[in-house]
Amino acid sequence: MSREAGKSRFQLDLRRHLRSQNICDNLIHLICEIAEASKYVINAVRTGDLGVAGTSNLYGEEQLALDVLSDRILRKRLIHSGVVCNIASEEMDDIYQAQLPGPDLYSVAYDPLDGSSLVDVNLSIGTIVSIYKGCDLFQEGRKQVAALYLLYGPRVSMVYSVGNGVHEFNMNSLMEYTLSRENISMLPSGGIYSPGGLRKKYTPATEKFVSYLETKGSRLRYSGGFVPDMNQILLKGKGVFMYPALTDAPKGKLRLLYELNPMAFLIEHAGGAASNGKMPILDVKPECLDHREPVYIGCFEDVRKAVEFLSEENG
Ligand code: AFP
């Protein structure tokens, strides 16, 4: 019996699964390169220096050595992949051109280590990646051709979509990614809510939405890490995450290019929704690298309800 025939569907490794997705070889190569880079990021997280790197990123946040190291690992892989045109990283101030525009090239926006401030208290963190065809990174999120995240938790997992379902892989003892869940699907409404930001800075509409969730019995689950918090909602298929407009931060905190667009792509392809309170996240036209948007993301009905409360406030 051939090796493939002897393997159950759930022993499929990442490259084989990508080949079943009817996408071009360069995109398969790119996603596999990102998966390969994650092994070095994991090693850095597990053993790396937690000291502050002494530099700061676009947002003035002190860069932990791990932020800088993870960014360097991913960028180097993308540059040497041979299929990447432009690169934007949450840890870089400007777009990096890896090579001149050409056919079958991709552009990548990523947050190399989202939640890095949680490493020194041993909480889960992740890498978030958004992939576009061509060289324009300021396209609406709906034009992404792929999105994925890596979650560095008790297990290391990878969730990706190229627009044909959302699929989870777990890393085995040989550091290979093997399929663990295929075509993940979310319920219309759920029992978890993850409220980011300071409650005392919520607008009345957001406050009403949270009260609605609590009244219907939703349980608060919030770690401070976007990737683990969203992974819980996605894999349990039930719940909503919000980092809303705050009274002193009307655009919220999370970045459109590096966090919201890739996560919204995954959630929508799993049957959920993502909104800034007025329109789908994936339809927002990115204005700059530092573009932030309020976000309500998760089960379709929960997000619809949030928009309903907010539309009363926004008039
Ligand atoms: P860090 O990368 O600075 O730790 O921020 C993580 C994050 O961008 C996102 O992962 C969380 O959902 C959000 O910030 C948490 O923000 P608060 O600490 O304000 O709740």
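In each ligand, atom 1 is the first atom listed, and ligand 1 is the first ligand listed.
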Any donor-acceptor pair under 3.5 Å from Glu91 side chain to Asp111 backbone: no
Leu254 to ligand 1, any heavy atom closer than 4.0 Å: yes
Main-chain N/O of Ser223 paired to Asp229 side chain as donor or acceptor, under 3.5 Å: yes
Short side-chain to backbone donor-acceptor contact, Lys39 and Glu176, under 3.5 Å: no
Heavy-atom proximity to atom 6 (C) of ligand 1, best of Gly252, Gly224, Pro228: Gly224
N or O pair under 3.5 Å between Gly196 and ligand 1: no
Backbone of Ser180 reached by a side-chain donor or acceptor of Asn170 within 3.5 Å: no
Closest candidate by heavy atom, reference atom 20 (O) of ligand 1, pool Phe226, Phe241, Tyr222: Tyr222
Tyr212 six-ring face occupied by Lys305 cation (under 6.0 Å, within 45°): yes
Which of the ligand 1 atoms, numbered from 1, are nearer than 4.0 Å to a heavy atom of Glu259: 8 (O)
Winner among Met263, Met230, Glu90, Lys253 once heavy atoms are compared against atom 14 (O) of ligand 1: Lys253
Atoms in ligand 1 with a heavy atom of Ser116 nearer than 4.0 Å: 2 (O), 4 (O)
Flag for Tyr177-Ser38: side-chain donor and acceptor within less than 3.5 Å: yes
Ser211 backbone acceptor or donor facing Thr215 side chain under 3.5 Å: yes
Per-residue contact class, Tyr258 against ligand 1 - non-hydrogen pairs under 4.0 Å: neither
Close N or O approach (Arg255, ligand 1; < 3.5 Å): no
